[in-house]
K.L.:
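Got a structure here, written out as structure tokens. Questions coming.
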Number of protein chains: 2
Amino acid sequence: MGQGMTQNPGTILVRPQMGENIGAAARAMLNFGLDHMRIVAPRDGWPNPAAVAMASGAGRVLDAALLCDDLPAALGDFHFVFATTARPRDMTTPVYSPEAAMRLAAEKIAAGQRVGIMFGPERAGLENDDIARANAIITVPVNPEYPSLNLAQCVLLVGYEWRRATQEITAVEPSMPGTEPATAQEIAHLADHYEDRLEEAGFFFPAHKAQAMKLKLRNMWSSFPMTAQDVRMFHGMMRQLVRWKDSAD
Amino acid sequence: MGQGMTQNPGTILVRPQMGENIGAAARAMLNFGLDHMRIVAPRDGWPNPAAVAMASGAGRVLDAALLCDDLPAALGDFHFVFATTARPRDMTTPVYSPEAAMRLAAEKIAAGQRVGIMFGPERAGLENDDIARANAIITVPVNPEYPSLNLAQCVLLVGYEWRRATQEITAVEPSMPGTEPATAQEIAHLADHYEDRLEEAGFFFPAHKAQAMKLKLRNMWSSFPMTAQDVRMFHGMMRQLVRWKDSAD
């Protein structure tokens, strides 16, 4: 990971469609000092000449961008991930304004954490499965009668708030050993572990509700401010419950 | 003057060049509830089909726009005018951030004044003669190594700050049904339930560490911002794991 990775939030473009928009997002990022981009499954492949043409002057953001096959791969090493959505969804994930979100991001980054921000595809935005991987949601307070922000505009506003937040931030809380936050990958593994065992145990019942239950559960894990130690504790609990079951066989 | 004129700042595009940028500015405005545009001496005349094509959905801003021959005509009936510039110039005019500027604008408009914001032509920006007509300057705090905001992006950021200034926007607490926070009693019951079952399952091992493990677990439950729904989910998970164990007997 480059130096920028630890100092600025990463921008994660999830299944972007038009190369032009990827290039425009790179420009919007660099305007406010963001330079770490990850691109998940871009529709038109990568590299993309249209992105390069549009990025004029911000090509180095594209050159340094990480191409990722899927969202878990893109999120793995972040400790805290925001999802941007046009409007709050029917989920329990906390919703922040861009300003509050970037203040929180600045605090976390100052404490040594890695923070990422997901932006969805141009038309449809992020899907619920994507959002379930986020710790928090960012919603831009647009005019409800005309909410037409495009991808690069959304990146621009978040980048603007990042710059505002970091020109003000000062004091940082020191962290105690053992209390380092779990990464997105650790939480994803925990979610997988529980989902697999609970599936075996017949928890996801009735079948037509299974998908919604799984989504709710994943949302729940990522809504908790879990430490690496908490994650180990949950793994240990489940392993012991399975041993208990097996010893009863 | 329309009703919007007295309630929102007017957007004054000074000698804009590309119709596309005028259309994009109209969209950026409407995203944040600005709907009063004035256009001073546009390079390609007016109306401009390229502007209309780009404005999709925000055409009514263009329809209502006032065409002005020169800047004095465009500014005549405003009480207070801001000029946007890429960087502070060597002038004595006060310089505001977009946030501070739109707070000031909101105060003046609330007091019944009319406020306008000038945006310069795409390449060169406003000239010193234009800026000399302004009461104050707005400068967006961009990355000095890459200050490439285009016209519509500048309008977007100012519009965003207008909306922030006029609506009390902070972090939105999720308030969907089922998302009310769990009470301390509900969390204590959950902690008891898990402690009892995990005790049966032999989780608290070795014995001399059992007390510390239980304390850590109780601390963990109360460190999570759990909803009542999360608590029910955890109860359900444990009950099902016990049923699974019992069915294996």
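What you are looking at is a predicted structure, and each value in this text was computed from that prediction instead of being measured. Every chain is numbered from 1 and lettered A, B, ... according to where its sequence line falls, protein lines coming before strand lines.
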K.L.:
Is it the side chain or the backbone of Leu30(A) that comes within 4.5 Å of chain B heavy atoms, both, or neither?
P.N.:
both
K.L.:
Return the minimal non-hydrogen interatomic distance between Pro144(A) and Arg163(B), and the atom names on each side.
P.N.:
CD-NH2, 3.3 Å
K.L.:
Heavy-atom distance under 4.5 Å to chain B: side chain of Ile138(A), backbone, both or neither?
P.N.:
neither
K.L.:
Return the minimal non-hydrogen interatomic distance between Ser56(A) and Tyr146(B), and the atom names on each side.
P.N.:
O-OH, 2.9 Å
K.L.:
Who among Arg243(A), Glu200(A), Met213(A) has the most heavy-atom pairs with chain B under 4.5 Å?
P.N.:
Glu200(A)
K.L.:
With rounding to the nearest 0.5 angstrom, report the CG to CE distance, Asn143(A) to Met29(B).
P.N.:
11.5 Å
K.L.:
Return yes when atom CZ of Arg218(B) has more than 12 non-hydrogen atoms of other residues, nucleotides or ligands closer than 6.0 Å, and no otherwise.
P.N.:
yes
K.L.:
Could you give the distance from CG (Asn31(B)) to CD (Gln153(A)), rounded to the nearest 0.5 Å?
P.N.:
6.0 Å
K.L.:
Between atom CZ of Phe234(A) and atom CE of Met220(B), what is the distance when rounded to the nearest 0.5 Å?
P.N.:
3.5 Å
K.L.:
Can you name the nearest heavy-atom pair linking Arg164(B) to Arg164(A), along with the distance?
P.N.:
NH2-NH2, 2.6 Å
K.L.:
Which bit of Trp221(A) is near chain B, if near means a heavy-atom gap under 4.5 Å: side chain, backbone, both or neither?
P.N.:
side chain
K.L.:
Which region of Met238(A), side chain (C-beta onward) or backbone (N, CA, C, O), has a non-hydrogen atom less than 4.5 Å from a non-hydrogen atom of chain B, or is it both or neither?
P.N.:
side chain
K.L.:
Is it the backbone or the side chain of Pro147(B) that comes under 4.5 Å from a heavy atom of chain A, or both, or neither?
P.N.:
backbone
K.L.:
At their closest point, which heavy atom of Gln240(A) faces which heavy atom of Ala201(B), and how far apart are they?
P.N.:
NE2-O, 2.7 Å
K.L.:
So do the side chains of Gln167(A) and Pro141(B) get within less than 4.5 Å of each other, counting heavy atoms only?
P.N.:
yes
K.L.:
How about Lys216(A): does its NZ atom have over 12 heavy atoms from other parts shown lying under 6.0 Å from it?
P.N.:
no
K.L.:
Is chain B contacted by the side chain of Phe205(A), its backbone, both, or neither, given a heavy-atom distance below 4.5 Å?
P.N.:
neither
K.L.:
The test is side chain to side chain donor-acceptor pair (under 3.5 Å); show your working for Tyr160(B) and Glu161(A) and say whether it passes.
P.N.:
CA-CA 11 Å; Tyr160(B) 168 78; Glu161(A) 287 291 7; 2.6 Å; yes
K.L.:
Where on Ala58(B) is there a heavy atom nearer than 4.5 Å to chain A: the side chain, the backbone, both, or neither?
P.N.:
both
K.L.:
Would you compute the distance between atom CG of Leu157(B) and atom CG of Leu156(A) and round it to the nearest 0.5 angstrom?
P.N.:
4.5 Å
K.L.:
Would you mind telling me which of Met226(A), Arg239(A), Glu145(A) has the largest number of heavy-atom pairs within less than 4.5 Å of chain B?
P.N.:
Met226(A)
K.L.:
Would you say Leu241(B) and Lys245(A) make side-chain contact, with heavy atoms under 4.5 Å?
P.N.:
no
K.L.:
Quick check on the interface: out of Gly159(B), Ala152(B), Pro98(B), who has the most heavy-atom pairs with chain A under 4.5 Å?
P.N.:
Pro98(B)
K.L.:
Please flag which part of Phe32(B) lies under 4.5 Å from any non-hydrogen atom of chain A: side chain, backbone, both or neither.
P.N.:
both
K.L.:
How close do Leu198(A) and Met237(B) get, heavy atom to heavy atom, and via which atoms?
P.N.:
CD1-CG, 3.8 Å
